[in-house]
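See below for the structure under consideration.
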Amino acid sequence: VQGWFTEDFSWAELQQLHARERLPELRGTAFDDQFRIARLEEVIALVVSQVARTGHGVGLAPEIKRPAYFRSLGLAMEERVLEVLAADPYTRVAPVVIQSFEADSLRQLRQRVAKGGNIALLQLVGRDQGHLLDDAGLAVMAGYADVLGPDREHVIGRQADGRLAAPGNLVQRA
């Protein structure tokens, strides 16, 4: 792995950067360089301003990226995300879904976040993680996650020629 990464910079340095699309062939580049990197607090403030302007509630679905890696650097994010959410009156009641591909991160969050509140935990399952979606894996996930977020290929696969196959039974089993 080579290049520069978020952990190579201070927050002051990161604030000087502008966001660019990581996957331009999929999502385009129309918004490249138009926005600075935002903190979660700034995203929440934007949501609150839009709720005040429109009168329509908006939920949030932050994803904790690579939590085990950042924890190994002394940059654990789970507690900090919960602190930021608890600090704002809106996010104490609005629907919030915290997402992660890493079960250990969600398990840590589950110890602090009760089921049935405004914060739900979503287990993301990538295309290469289908082994987690057997009945035993789903039972384990049910112990710490409220929502399952599988790659679409796990819900409706593809035939050899690339056309969509018939839907599988993941939704019913989950």
Quiz item: Between CD1 of I98 and CD of E63, what distance do you get to the nearest 0.5 Å?
Solution: 11.5 Å

Exercise. Would you name the heavy atoms of T6 and L14 that are closest together and state the gap between them?
Key: O-CD1, 4.1 Å

Self-check item: Backbone of S105 reached by a side-chain donor or acceptor of Q108 within 3.5 Å
Solution: no

Practice problem: Identify, with sequence neighbours excluded, every residue that meets side-chain hydrogen bond (donor to acceptor under 3.5 Å, both in side chains) alongside R53. | Solution: Q50

Quiz item: With no hydrogens and no angle check, is any side-chain donor or acceptor of R158 less than 3.5 Å from a backbone partner on D161?
Solution: no

Exercise. Using modelled atom types only, decide if a donor and an acceptor are shared between the side chain of D33 and the backbone of R20 within a distance under 3.5 Å.
Key: no

Self-check item: Q15 backbone acceptor or donor facing R36 side chain under 3.5 Å
Solution: yes

Practice problem: Hey, could you give me the CE/CG distance between M77 and L109, rounded to the nearest 0.5 Å? | Solution: 10.5 Å

Quiz item: Which atom pair, heavy atoms only, marks the closest approach of R173 to L138?
Solution: NH1-CD1, 3.5 Å

Quiz item: Do Y144 and Q123 pass the side-chain hydrogen bond (donor to acceptor under 3.5 Å, both in side chains) test, and can you show the C-alpha distance, the side-chain angles, and the key distance before you say yes or no?
Solution: CA-CA 9 Å; Y144 63 84; Q123 175 67 64; 2.7 Å; yes

Quiz item: Got a second to check how far L122's CG is from M141's CE, nearest 0.5 Å?
Solution: 10.5 Å

Practice problem: Apply salt bridge (charged side-chain N to carboxylate O under 4.0 Å, His left out) to R110 and D146, showing your working. | Solution: CA-CA 10 Å; R110 176 76 324 145; D146 303 298; 3.0 Å; yes

Quiz item: Side chain of H154, backbone of G126: donor and acceptor closer than 3.5 Å?
Solution: yes

Exercise. Enter the distance from E102:CD to E78:CD here, rounded to the nearest 0.5 Å.
Key: 8.5 Å

Quiz item: Would you say N169's side chain and Q172's backbone share a donor-acceptor pair under 3.5 angstrom?
Solution: no

Quiz item: Should the pair E42-R39 be classified as a salt bridge under the 4.0 Å nitrogen-to-oxygen rule?
Solution: no

Exercise. Say whether T29 and E21, considering side chains only, have a donor N or O and an acceptor N or O under 3.5 Å apart.
Key: no

Quiz item: Among N118, V113, I119, L60, which one satisfies side-chain contact (heavy atoms from CB on, under 4.5 Å) with L85?
Solution: I119

Quiz item: Can any side-chain N or O of R71 pair as donor or acceptor with the backbone N or O of A76 at less than 3.5 Å?
Solution: no

